[in-house]
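Below is one structure, written out as structure tokens, with a few remarks after it.
Here is how names work: the chains are called A, B, and so on, in the same order as the sequence lines, proteins then strands, and each is numbered from 1.
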Number of protein chains: 2
Amino acid sequence: MSAAGIRQVAEHAGVSPGTVSNVLNRPEKVSPSTRARVEASIRELGFVRHGSASTLRAGHSTTIGLSVIDIGNPFFTDVTAGVEDVASDRGYAVILSNSAGSRSKEERNLLVLAEQRVRGVLITPSDDSPEPLDRLRERGIHVVLVDHPAHRPDQCSVAVNDVVGGQTAVAHLLSGGARDIAYVTGPLTMRQCLDRRAGAGRALRGRPLRVVEMPAMTPRAGQQAAEKLLSEGDLPDAVFCANDLLALGMLRGLMHAGVRVPDDVALIGYDDIDFAAASAVSLTSIRQPTYQLGRTAAELLLDECDNPGTHAHQQIMFQPELVVRESTR
Amino acid sequence: MSAAGIRQVAEHAGVSPGTVSNVLNRPEKVSPSTRARVEASIRELGFVRHGSASTLRAGHSTTIGLSVIDIGNPFFTDVTAGVEDVASDRGYAVILSNSAGSRSKEERNLLVLAEQRVRGVLITPSDDSPEPLDRLRERGIHVVLVDHPAHRPDQCSVAVNDVVGGQTAVAHLLSGGARDIAYVTGPLTMRQCLDRRAGAGRALRGRPLRVVEMPAMTPRAGQQAAEKLLSEGDLPDAVFCANDLLALGMLRGLMHAGVRVPDDVALIGYDDIDFAAASAVSLTSIRQPTYQLGRTAAELLLDECDNPGTHAHQQIMFQPELVVRESTR
DNA sequence: GGTCTCGATTGAAACGTTTTAGAAGCTTCT
DNA sequence: AGAAGCTTCTAAAACGTTTCAATCGAGACC
């Protein structure tokens with residue numbers, strides 16, 4: 001039970017606690033010789049600063065929160081990796097929360113983050129309601145939206161243009177000769193799903209789009225959507241899935257029923273996760289700069305935290321990119 | 001900047017701060033009527049407990065650390081999901097660290113966790129050295145090993161039998177008629193890789209095993225391993241990959257060169273990640289109870305934290321399971 | 001009526017840092 | 001020689017909780 005505190009270090013080095021604190025936080029304020037002495041004592045006693053005491057007194061922590069919708073989705077894993085890398089470089093710790101698409105779980109998680117007095121929060125909101133985030137901001141917790149454009153100019157956000165993505169996907173299917181197109185999507189309360197549908201509609205210029213809405217965006221849900229389409233008897237020419245997990249499930253479901261992809265039905269996914277290229281029929285998809293999304297969001301947040309004076313809020317919008325593979329050839 | 005503290009709540013409810021604290025931490029110690037009054041004040045003022053102050057005074061936090069080797073690997077994502085679910089249920093927050101297989105990054109991350117005064121740490125160590133973990137334990141931080149059997153009886157661990165897994169994998173390849181088998185692995189400093197090789201050796205009973213050691217366990221590395229095998233000219237009958245990411249890369253590499261799987265080369269992976277079933281040739285693999293691994297580890301850790309008196313250290317070992325698919329038929 | 005016990009509540013002292021005002025020691029300037 | 005201005009360091013007061021001994025009332029018992 002070593003209790004090596006700043007006090008013991010001070011005593012060991014023959015200085016006052018305040019000086020040790022200065023060595024830790026403003027090394028330039030202390031003369032080289034005493035600084036060396038203090039640093040030696042720190043090493044010798046194995047001193048580790050007590051983060052909570054520090055946070056309590058200083059009024060702010062060195063921890064940020066990351067709230068994602070589905071940690072099982074490689075899309076969010078990549079985002080997380082980007083966030084982690086930036087935070088770790090700057091000496092911040094990341095608290096990870098998974099809202100699993102549930103609004104109430106998200107609120108509970110945000111409460112925990114508020115209790116921890118995180119410096120800021122990166123969040124992919126599960127819906128559009130601003131109140132929970134406003135409540136954080138009232139508490140002085142900075143918020144940056146991830147994969148969600150900000151509705152207001154006084155906050156940072158990083159997103160990818162989903163309307164363009166949806167439009168690109170469906171335009172590609174149309175150029176391949178498809179006429180009867182189905183859109184398999186997660187809950188239409190999700191902005192991503194809505195925007196991608198809007199893009200699809202734009203590409204269709206008024207022609208109809210079959211919409212199959214599933215409660216989740218997982219391979220399992222994708223397979224169920226396939227079964228649903230099959231049971232209706234009348235298969236579309238092409239299927240646009242709102243993410244690759246749905247698409248992989250759809251692919252499995254179709255193949256299982258003997259439907260050939262792309263010969264009988266063309267298939268396109270979204271996100272271009274690593275596994276899209278390795279599936280039974282390699283998957284055409286819409287690529288997003290995922291890791292970069294996480295990095296950029298974290299950089300924005302930490303800039304907001306560390307330079308509150310000079311920080312300018314930005315709403316960054318990346319552009320998606322079509323990656324053609326076998327499933328639409 | 002609402003500063004609603006325990007003090008304001010006390011004043012608002014007409015009690016002392018100590019009573020509010022009791023309502024928060026030992027509700028049974030306070031009479032129903034005052035409890036209701038205090039709870040009303042808490043809601044009305046929007047009070048959120050200051051975690052750092054609480055941690056500082058109480059001497060322990062309500063946060064645990066999770067240190068994994070590769071957050072990009074679905075295996076660890078599933079583990080993380082299990083941990084997250086348990087922790088969140090019990091009101092704990094999870095700080096996620098990714099060591100990316102680097103010992104120095106792991107040590108830096110553990111230092112951050114020590115500073116945060118986490119209650120405990122779940123860790124998949126990147127190597128076998130016990131010192132960093134002992135240092136945590138000296139500080140009163142509980143440690144549970146994940147996917148790594150404990151070498152000592154005074155600590156908890158949760159693992160899956162990798163020797164049996166390796167043996168099962170290679171026995172399956174042998175039973176399919178393979179004689180010349182290659183083992184494609186990550187760094188042999190990793191226990192998992194070593195144990196799986198040992199199991200392979202046991203199944204081979206002295207017959208030789210080609211070992212291809214790659215610096216990482218990613219699809220890219222798998223593809224490079226394929227290129228290496230192809231450039232040597234003399235392909236094995238079967239390839240056993242130390243995880244599914246390597247196997248998916250291997251599959252892609254082989255197919256790219258026109259090698260048929262399983263006709264020319266049989267292929268088996270490890271972990272049975274979701275995507276193994278959906279790949280170009282569905283992948284035979286060794287399934288591990290991944291989510292359960294995370295849940296169990298978290299439960300063990302929180303039991304150790306919350307009931308230090310009655311807690312009995314356990315070394316839990318799950319058994320892996322063969323899942324046969326196209327790649328070895 | 002006095003003493004005891006018991007439950008509910010209070011008051012004040014921690015917890016380990018950071019921060020601020022200011023003391024102490026030097027150098028430089030007048 | 002004294003004032004002024006630095007630099008370097010110290011002492012003590014916070015930060016918002018939890019905890020523990022002490023207090024207060026209200027029944028119960030003799």
Taking atom types as modelled and ignoring hydrogens, do the side chains of [X] and [Y] form a donor-acceptor contact shorter than 3.5 angstrom?
{"X": "B:Q315", "Y": "B:S157", "value": "no"}
{"X": "B:H148", "Y": "B:D128", "value": "yes"}
{"X": "B:T80", "Y": "B:T77", "value": "no"}
{"X": "B:T55", "Y": "B:S52", "value": "no"}

Task: Residue A:N25, side-chain heavy atoms: nucleotide from C:dT9, C:dG16, C:dT18 that is nearest - done: C:dT18
- [ ] Among C:dT10, C:dT9, C:dG16, find the nucleotide with the atom closest to the side chain of B:S16.
- [x] C:dT10
Are any of [X]'s side-chain N or O atoms less than 4.0 Å away from OP1 or OP2 of [N]?
{"X": "B:T34", "N": "C:dA8", "answer": "no"}
{"X": "A:R49", "N": "C:dT18", "answer": "yes"}
{"X": "B:S54", "N": "D:dT18", "answer": "yes"}
{"X": "A:R35", "N": "D:dT8", "answer": "no"}
{"X": "B:T19", "N": "C:dT9", "answer": "no"}
{"X": "A:S31", "N": "D:dC9", "answer": "yes"}

Could you check how far [atom1] of [X] sits from [atom2] of [N], rounded to whole Å?
{"X": "B:L24", "N": "D:dG16", "atom1": "CG", "atom2": "P", "value": "15 Å"}
{"X": "B:N22", "N": "D:dT17", "atom1": "CG", "atom2": "C1'", "value": "12 Å"}
{"X": "B:I6", "N": "C:dA12", "atom1": "CD1", "atom2": "P", "value": "17 Å"}
{"X": "A:L45", "N": "C:dG16", "atom1": "CG", "atom2": "C1'", "value": "15 Å"}
{"X": "B:K29", "N": "C:dT10", "atom1": "NZ", "atom2": "C1'", "value": "16 Å"}
{"X": "A:Q116", "N": "D:dT17", "atom1": "CD", "atom2": "P", "value": "13 Å"}
{"X": "A:H50", "N": "D:dC15", "atom1": "NE2", "atom2": "C1'", "value": "14 Å"}
{"X": "B:R7", "N": "C:dA13", "atom1": "CZ", "atom2": "P", "value": "13 Å"}

- [ ] Check whether the side chain of B:R57 and the base of D:dT18 form a donor-acceptor pair under 3.5 Å.
- [x] yes
- [ ] Remember a base hit wins even if backbone is also touched, and classify B:G18 as base, sugar-phosphate or nothing at under 4.0 Å, heavy atoms.
- [x] base
Open item on the list: Once you apply a heavy-atom cut-off of 4.0 Å, does A:R117 come out as touching a base, just sugar-phosphate, or nothing?
Closed with: nothing
TODO: Between A:L56 and A:H60, just flag the one whose closest nucleotide in DNA chain C comes earlier from the 5' side.
DONE: A:L56
Task: Residue whose closest nucleotide on DNA chain C lies nearer the 5' end, A:R26 versus B:G14 - done: B:G14
TODO: Can you measure from CD (A:Q116) to CD1 (A:I64) and round to the nearest 0.5 angstrom?
DONE: 14.0 Å
- [ ] State plainly whether the residues A:D134 and A:R152 are in salt-bridge range, i.e. N to O under 4.0 Å.
- [x] yes
